[in-house]
Visitor: 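Before we start, here is the structure in question, set down as structure tokens.
Since this is a predicted model, take the numbers as computed values, not measurements. Residue numbers start from 1 in every chain, and the chains themselves are labelled A, B, ... in the order their sequence lines are given, proteins ahead of strands.
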4 protein chains.
Amino acid sequence: MDDFLRAAEQLFSEKGYGQTAMEDIARLAEYGTGTIYRYFESKEALYGELLERKMAAYLEHLVAQYEAETTPRGKLRALLHGKVDFFARNREFMRIFVKEFVPECSTMAAALTPEARELRGRCLALLRDTIEAGIRSGDFRAMDPDLAVAAISGLGNELLLHCIRDLDGEGLGEAEGFMMAFIESGLASGDRP
Amino acid sequence: MDDFLRAAEQLFSEKGYGQTAMEDIARLAEYGTGTIYRYFESKEALYGELLERKMAAYLEHLVAQYEAETTPRGKLRALLHGKVDFFARNREFMRIFVKEFVPECSTMAAALTPEARELRGRCLALLRDTIEAGIRSGDFRAMDPDLAVAAISGLGNELLLHCIRDLDGEGLGEAEGFMMAFIESGLASGDRP
Amino acid sequence: MDDFLRAAEQLFSEKGYGQTAMEDIARLAEYGTGTIYRYFESKEALYGELLERKMAAYLEHLVAQYEAETTPRGKLRALLHGKVDFFARNREFMRIFVKEFVPECSTMAAALTPEARELRGRCLALLRDTIEAGIRSGDFRAMDPDLAVAAISGLGNELLLHCIRDLDGEGLGEAEGFMMAFIESGLASGDRP
Amino acid sequence: MDDFLRAAEQLFSEKGYGQTAMEDIARLAEYGTGTIYRYFESKEALYGELLERKMAAYLEHLVAQYEAETTPRGKLRALLHGKVDFFARNREFMRIFVKEFVPECSTMAAALTPEARELRGRCLALLRDTIEAGIRSGDFRAMDPDLAVAAISGLGNELLLHCIRDLDGEGLGEAEGFMMAFIESGLASGDRP
DNA sequence: TATGAATGAGAGTTCATTCAT
DNA sequence: GATGAATGAACTCTCATTCAT
């Protein structure tokens with residue numbers, strides 16, 4: 001069953017959902033076509049399961065880093081580092097992730113499963129809570145937290161894609177530093193020492 | 001021919017490339033199915049043509065605003081405002097744009113046409129040139145301009161999508177202000193008056 | 001479209017619904033497989049349409065004969081003769097008819113369409129009304145009309161099948177005479193002159 | 001092995017041959033899927049075996065009643081009562097029986113096994129012999145015995161189905177009385193005391 | 001030039017049957 | 001004997017593309 005999820009991740013990432021045939025997945029996993037259907041009800045269900053698992057792993061990864069920190073700045077850094085770290089080790093999923101995290105891009109007829117939506121919401125909520133706490137504490141300037149979440153998400157995704165796609169994964173460290181600095185400046189309150 | 005492009009834009013935006021049948025496009029454009037093939041070699045060619053035209057219009061729009069400005073900050077603001085302005089009036093295309101601007105998301109078997117890639121590159125080059133000029137002039141701090149371009153693109157796209165998708169186009173003015181402030185902080189040199 | 005219905009009638013009759021592939025129907029009709037789907041939404045819809053058309057023709061045929069008569073005995077004879085007559089000229093449909101007229105035999109996942117059920121009901125209602133009228137007039141003895149309808153239907157179907165299947169259509173005249181006599185005796189009131 | 005036959009009878013009756021999967025049968029019988037194939041060569045063989053057993057039981061039941069009678073009228077009544085009696089206690093099989101007794105309805109690719117055909121023939125022969133004897137004895141009027149067999153079979157089957165299907169098994173007694181009277185009238189010689 | 005009926009390759013899915021354990 | 005995971009042929013259905021009119 002994990003064989004199928006692995007094969008599916010690779011192919012969906014390389015060719016996209018619509019261009020990947022169930023037969024391709026089965027062949028890559030070295031099984032017969034019909035065997036997939038013993039484990040997954042349909043192609044969509046397979047894709048949904050893949051997304052849920054990865055999203056769950058991502059959330060878990062973020063939470064682990066996040067809870068070790070206490071200040072808004074610390075939590076923000078933890079979330080940003082967690083993102084870079086997770087996708088550095090899940091590059092194939094990155095390409096799928098940006099499609100599905102941005103609903104407009106989804107290629108599935110049916111959108112994310114409710115479970116996956118829930119996980120996506122919880123990832124974003126970590127960031128939002130952090131920003132709101134930072135605003136209250138005066139670390140960040142007053143702003144609409146939803147806009148900030150959108151800005152930071154989009155910025156981070158695109159930077160990661162840039163490194164993974166154009167730089168073949170090189171320069172992730174530099175990009176992380178840049179991202180941190182850029183975002184912290186963007187969020188910073190005008191008060192300067 | 002423009003009828004087909006208009007119909008295609010609407011349907012691709014609403015349902016996605018894979019879920020849109022040539023017959024649907026023809027019907028919406030009020031022509032026979034076969035007629036499309038008098039003007040476009042294939043479904044992909046139609047999609048490619050649509051992208052090229054829109055990209056060209058986008059580039060033209062950006063250039064017009066851009067050339068009216070002389071300072072890096074002015075040009076940056078022109079590009080950001082131009083983006084918001086263009087997509088506020090091309091909301092349907094926005095959903096297609098984010099798919100194709102981020103090549104990973106493309107649903108087509110074949111990626112962007114070379115012409116479209118070229119146009120995309122020229123849009124990004126405007127921003128890149130602006131950033132480089134700003135770094136030289138000391139308006140912006142020293143940084144890798146490619147990272148800055150990626151960051152700003154992703155940030156802007158996601159903010160626009162947030163407004164168009166979740167807010168139904170409301171709040172674009174506020175989002176533009178937020179975007180400007182966020183990006184200018186992120187780019188700003190440490191020197192403060 | 002009629003080509004498909006003709007081909008479908010023949011093949012469903014010969015091999016049964018489940019054993020008939022859409023490709024078989026298309027080939028017999030001398031069309032490509034996909035063409036069927038321009039006219040029928042699905043295999044079930046094709047079958048449903050076939051049944052409806054034939055049932056409608058059968059009902060029309062029965063009604064024509066029925067309305068020319070005024071007495072219960074006359075109407076009964078008209079219905080019985082109409083049945084023999086119709087199926088003598090629709091032998092292929094006879095085999096499908098008995099399947100679907102007897103719901104237990106239906107091979108479709110989904111049963112008859114509501115339209116077909118309605119038509120089936122109206123065919124049976126003609127017979128039922130006739131029997132009730134005959135009972136009231138004293139031509140027939142008192143009995144449960146539903147039982148009589150079931151008895152006469154089953155008797156007639158099986159006799160027709162016997163002739164069509166085992167006798168290759170021979171002996172229909174003799175069978176009709178036998179059926180009339182048998183049923184009239186069965187229904188007759190005990191009063192004899 | 002009987003477990004499989006019981007499970008198969010239930011499922012074939014409820015859902016039909018084509019809609020019943022071997023796995024369903026195995027699960028209901030509380031065995032593994034592969035185990036069925038230790039006892040039956042194929043799905044068709046299982047169905048065939050089921051039919052043969054039931055047909056044999058039916059024949060035995062008929063013969064027992066039949067041989068206790070000496071007159072044609074007595075034998076006829078025994079056969080009719082035997083039929084009602086058997087199917088009242090084998091309602092699930094009734095639905096399969098009508099399919100297979102009327103070969104046109106068979107859902108199997110291959111028709112009845114030769115053994116089952118033989119048994120079917122012997123059931124019908126009992127009735128046929130009875131009718132011929134009755135004609136010779138003058139109890140029944142002169143007629144084609146094959147037509148009479150067909151008429152009586154079809155009539156009886158449909159009446160039984162009507163009770164089992166529409167009346168949920170109620171009214172079998174009334175139906176049996178009606179059937180006897182109807183058939184005896186139909187067969188009766190014109191001579192009246 | 002415009003059409004839309006026709007096509008057929010290709011996709012997802014089912015399930016009777018097999019066989020290593 | 002019993003199992004149930006694995007199989008792959010077969011089937012239904014879709015749709016980009018063609019071409020006779």
Visitor: Can you name the side chain to side chain donor-acceptor pair (under 3.5 Å) partners of Glu92(B), sequence neighbours left out?
Guide: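 Partners of Glu92(B) by the side chain to side chain donor-acceptor pair (under 3.5 Å) criterion come out as none, since no residue qualifies.
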Visitor: Measure the distance from CZ on Arg27(B) to P on dA16(F) and round it to the nearest whole Å.
Guide: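 It is 12 Å, rounded to the nearest whole Å.
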Visitor: For nucleotides 2-8 of chain E, just jot down a letter per nucleotide in 5' to 3' order: B, S or -, based on protein non-hydrogen atoms under 4.0 Å.
Guide: BBBBBBB
Visitor: Rounded to the nearest angstrom, tell me the gap between atom NZ in Lys15(B) and atom P in dT14(F).
Guide: 13 Å
Visitor: Take the protein atom CD of Glu44(A) and the nucleotide atom P of dA11(E), then report the distance between them rounded to whole Å.
Guide: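 One finds 17 Å between P of dA11(E) and CD of Glu44(A), rounded.
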Visitor: Under the salt bridge (charged side-chain N to carboxylate O under 4.0 Å, His left out) test, which residues partner Glu52(B), sequence neighbours left out?
Guide: none
Visitor: For DNA chain F, which ranges pair as stems of 3 or more consecutive Watson-Crick or G-U pairs, with both donor-acceptor distances under 3.5 Å?
Guide: E:2-21 with F:2-21
Visitor: With Gln10(D), which residues qualify under side chain to side chain donor-acceptor pair (under 3.5 Å), at least two apart?
Guide: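 Counting only residues at least two positions away or on another chain, Gln10(D) forms a side chain to side chain donor-acceptor pair (under 3.5 Å) with Glu14(D).
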Visitor: I need the CG-P distance between Leu46(A) and dA11(E), as an integer number of Å.
Guide: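 Whole-Å distance recorded here is 16 Å.
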Visitor: Hey, can you pull the donor-acceptor pairs under 3.5 Å for the side chains in residues 25-38 of chain B, sequence neighbours left out?
Guide:
{"unit_1": "Tyr31(B)", "atom_1": "OH", "unit_2": "Asp3(B)", "atom_2": "OD2", "d": "3.3"}
{"unit_1": "Thr35(B)", "atom_1": "OG1", "unit_2": "Gly32(B)", "atom_2": "O", "d": "3.3"}

Visitor: Of all residues at least two apart in sequence or in a different chain, which pass the side chain to side chain contact (heavy atoms under 4.5 Å, CB included) check with Arg91(A)?
Guide: Ile164(A), Leu172(A)
Visitor: Kindly assign one of parallel, tilted or perpendicular to the pair Phe4(D) and Phe40(D), based on the angle between their ring planes and the thresholds 30° and 60°.
Guide: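 Aromatic pair Phe4(D)/Phe40(D) classed perpendicular.
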Visitor: Rounded off to whole Å, could you give me the CG-to-P distance for the Leu28(D) and dG4(F) pair?
Guide: 15 Å
Visitor: Quick check for you: among dG12(E), dA16(E), dT12(F), whose closest atom lies nearest to any side-chain atom of Tyr37(C)?
Guide: dT12(F)
Visitor: If you look at every heavy atom in Leu11(A) and Thr20(A), which pair is closest and at what distance?
Guide: O-OG1, 3.3 Å
Visitor: Without decimals, in angstroms, what is the distance between Tyr47(B) OH and dT17(F) P?
Guide: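 Those two atoms, OH and P, are 15 Å apart.
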Visitor: Identify, with sequence neighbours excluded, every residue that meets side chain to side chain contact (heavy atoms under 4.5 Å, CB included) alongside Glu60(B).
Guide: none
Visitor: In whole Å, what is the span from the CD atom of Glu41(B) to the C1' atom of dA16(F)?
Guide: 13 Å
Visitor: Which listed nucleotide (dA11(E), dT17(E), dT17(F)) is nearest to the side chain of Ala21(A)?
Guide: dA11(E)
Visitor: Identify, with sequence neighbours excluded, every residue that meets ring pair (Phe, Tyr, Trp, His ring centres under 6.0 Å) alongside Phe93(B).
Guide: Phe97(B)
Visitor: In whole angstrom, give the distance that lies between atom CZ of Phe12(B) and atom C1' of dA16(F).
Guide: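 So the CZ-C1' distance, Phe12(B) to dA16(F), works out to 12 Å.
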